[in-house]
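Single-structure report; data block below.
Per chain, numbering begins at 1; letters A, B, ... match sequence-line order.
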Protein chains: 2
Amino acid sequence: MIRRFRGESLHKVDLKGRVSVPAPFRRVLEDGDPEFKTGSNPNFVIVYGGVKTPCLEAYTMKSISTVDQLISKLPRFSREREILERFINTQSIYIQLDENGRIVLPPKLKAFIGLEGEAIFAGMGEKFQIWEPKTYETELQFLQDDFSKLTGKANPFYLIDNIVDK
Amino acid sequence: MIRRFRGESLHKVDLKGRVSVPAPFRRVLEDGDPEFKTGSNPNFVIVYGGVKTPCLEAYTMKSISTVDQLISKLPRFSREREILERFINTQSIYIQLDENGRIVLPPKLKAFIGLEGEAIFAGMGEKFQIWEPKTYETELQFLQDDFSKLTGKANPFYLIDNIVDK
DNA sequence: TCAAATTCCATGATATCCCATATTTATAGC
DNA sequence: GCTATAAATATGGGATATCATGGAATTTGA
């Protein structure tokens with residue numbers, strides 16, 4: 001059974017742009033990097049475009065290659081493919097965890113999401129996101145409202161009951 | 001026949017947030033974790049959002065992966081998928097039973113349901129819930145009242161009599 | 001040569017592991 | 001059914017490892 005990114009947590013970002021990746025996420029990154037072995041530090045990919053509200057998206061090596069394959073199946077020269085390729089390929093970078101489980105966010109990325117002293121890490125299954133805390137809170141409210149409009153349900157968790165109880 | 005969570009019981013929560021999971025529930029968690037083998041300890045998932053009255057909900061690995069699969073069938077990059085991914089993934093965590101059949105409830109989760117010294121575990125078939133005892137009692141009263149209003153019967157168990165007696 | 005980036009080390013807080021023990025439940029033999 | 005014995009359970013305490021974070025030392029590279 002594949003381990004996924006779950007949970008959310010708040011971390012300090014220091015003057016050098018260093019920030020701890022939540023420990024449970026590190027395990028998933030290790031699982032998701034075919035070249036990882038004990039003693040080394042896993043690599044992964046951060047994508048910084050392609051979202052309506054500014055946040056960073058982190059993919060394991062395995063899941064980014066799944067995304068790559070998906071895109072390569074789209075019709076050549078299609079608008080959708082063009083857009084996806086732009087974000088996934090040009091607006092992304094490789095990142096490596098350091099000895100202490102931290103990463104360094106380049107100034108460009110910090111600026112892109114308006115990060116200052118703190119960051120929210122949000123588990124999203126196959127990927128995780130990094131948010132400026134205030135922006136994140138606003139986004140949650142948006143999603144909640146959108147969901148009600150989309151489905152007529154007040155609460156996304158109705159899904160769990162529906163499926164599991166069967 | 002699938003083993004289900006049944007029964008309710010009261011357990012102490014110590015200063016470290018440790019609390020015993022009722023022994024019968026452990027068997028169900030073991031059955032529900034494909035990676036479990038004798039000698040190891042089962043993993044499962046606690047979801048802490050999406051309830052009207054605050055309680056924690058625990059799902060086996062199998063149940064939660066049913067939910068994950070459903071979400072992963074939605075179109076990648078779609079709004080609905082994004083919303084569901086966020087709420088199901090961010091408001092949940094992996095938990096592993098320890099050698100003694102206990103779990104550790106992180107301070108965040110304890111605070112969420114107002115836990116202090118004791119917790120009620122309530123079997124709910126495919127999932128089980130963890131409640132602050134006073135809150136649980138109030139909730140039961142609510143349910144009882146709602147049931148009477150809905151059906152005119154004082155006691156939900158009239159249902160069982162109907163079926164078993166035939 | 002100087003600023004920025006990277007590596008290395010330090011530390012308090014927290015979480016995890018390991019062992020102890022009282023209590024309850026199950027088992028076996030009579 | 002009753003009792004002795006063994007196994008499983010619920011809970012506590014202390015030792016140990018991990019985590020999040022800060023700062024200093026070293027390297028890089030313009």
Side-chain angles (χ1 to χ4, degrees), chain A residues 3 5-31 36 38-44 46 58 93-111 115-123 128 130-131 133, chain B residues 3 5-31 36 38-44 46 48 58 93-111 115-123 128 130 133:
Chain A
R3 207 160 260 289
F5 297 106
R6 281 189 193 282
E8 60 190 0
S9 54
L10 182 71
H11 293 263
K12 298 247 161 81
V13 183
D14 72 13
L15 295 172
K16 300 177 187 174
R18 293 182 302 185
V19 55
S20 289
V21 171
F25 288 10
R26 296 177 205 162
R27 305 291 104 74
V28 187
L29 291 174
E30 290 168 4
D31 282 359
F36 169 80
T38 348
S40 75
N41 303 315
N43 283 94
F44 61 102
I46 289 184
I93 52 169
Y94 286 109
I95 294 274
Q96 186 174 36
L97 276 184
D98 73 10
E99 226 45 59
N100 301 317
R102 281 186 289 199
I103 56 173
V104 180
L105 292 177
K108 187 176 170 185
L109 296 202
K110 278 178 63 183
L115 258 201
E116 295 194 3
E118 294 185 314
I120 294 263
F121 284 72
F128 69 84
I130 305 176
W131 290 81
Chain B
R3 209 166 257 287
F5 298 106
R6 283 185 195 285
E8 61 189 2
S9 53
L10 182 71
H11 293 264
K12 298 245 162 80
V13 183
D14 73 14
L15 294 172
K16 298 179 185 174
R18 294 182 301 187
V19 55
S20 289
V21 170
F25 288 10
R26 295 176 205 162
R27 304 292 102 75
V28 187
L29 292 174
E30 289 167 3
D31 283 358
F36 170 79
T38 349
S40 76
N41 304 314
N43 283 288
F44 61 103
I46 289 183
Y48 54 95
I93 52 168
Y94 287 108
I95 294 276
Q96 186 175 35
L97 277 184
D98 74 9
E99 226 46 57
N100 303 317
R102 281 186 291 197
I103 56 171
V104 181
L105 292 178
K108 189 175 171 183
L109 296 202
K110 280 177 62 184
L115 258 202
E116 295 194 3
E118 294 185 313
I120 295 265
F121 284 72
F128 69 84
I130 305 175

_So for the helix from C:dT1-D:dA30 to C:dC30-D:dG1, with five pairs setting each end axis, what is the inter-axis angle to 10°?_
50°

*Have a look at B:Val13 and say if it touches a base, only the backbone sugar-phosphate, or nothing, with a 4.0 Å heavy-atom cut-off.*
nothing

Side chain to side chain, [X] and [Y], heavy atoms closer than 4.5 Å:
X	Y	value
B:Pro42	B:Arg26	no
A:Val19	A:Leu115	no
B:Pro106	B:Ile93	yes

_Please compare A:Lys16 and B:Pro106 by the position of their nearest nucleotide in DNA chain C and report the one closer to 5'._
A:Lys16

*How would you give the extent of chain B contacts on DNA chain D, as first and last nucleotide 5' to 3' within a 4.0 Å heavy-atom cut-off?*
D:dT9 to D:dG14

*Indicate the ring-plane relationship of B:Phe128 and B:Phe44, choosing parallel, tilted or perpendicular according to the 30° and 60° boundaries.*
tilted

*asked:* Tell me whether the count of non-hydrogen atoms from other residues, nucleotides or ligands lying under 6.0 Å of CZ in B:Arg6 goes above 12.
replied: no

*Within a radius of less than 6.0 Å around NZ of B:Lys108, do more than 12 heavy atoms belonging to other residues, nucleotides or ligands occur?*
yes

Taking [atom1] from [X] and [atom2] from [N], how many angstroms apart are they, rounded to a whole number?
X	N	atom1	atom2	result
A:Ile103	C:dA5	CD1	C1'	15 Å
B:Lys12	C:dT24	NZ	C1'	14 Å
B:Leu97	C:dT16	CG	P	13 Å

With rounding to the nearest 0.5 Å, note down the distance linking [atom1] in [X] to [atom2] in [Y].
X	Y	atom1	atom2	result
A:Asp98	A:Ile103	CG	CD1	9.5 Å
A:Ile95	A:Ile46	CD1	CD1	4.0 Å
A:Leu29	A:Phe5	CG	CZ	4.5 Å

*asked:* Which residue in the set B:Gln96, B:Lys110, B:Arg18 passes side-chain contact (heavy atoms from CB on, under 4.5 Å) when paired with B:Val104?
replied: B:Arg18

*How far apart are the closest heavy atoms of B:Glu116 and B:Val13, and which atoms are they?*
O-CB, 3.5 Å

Please tabulate the protein-to-nucleotide N/O contacts below 3.5 Å involving nucleotides 18-20 of chain C, giving atom names and distances.
from, atom 1, to, atom 2, distance (Å)
C:dC19, N4, B:Asn100, ND2, 3.1

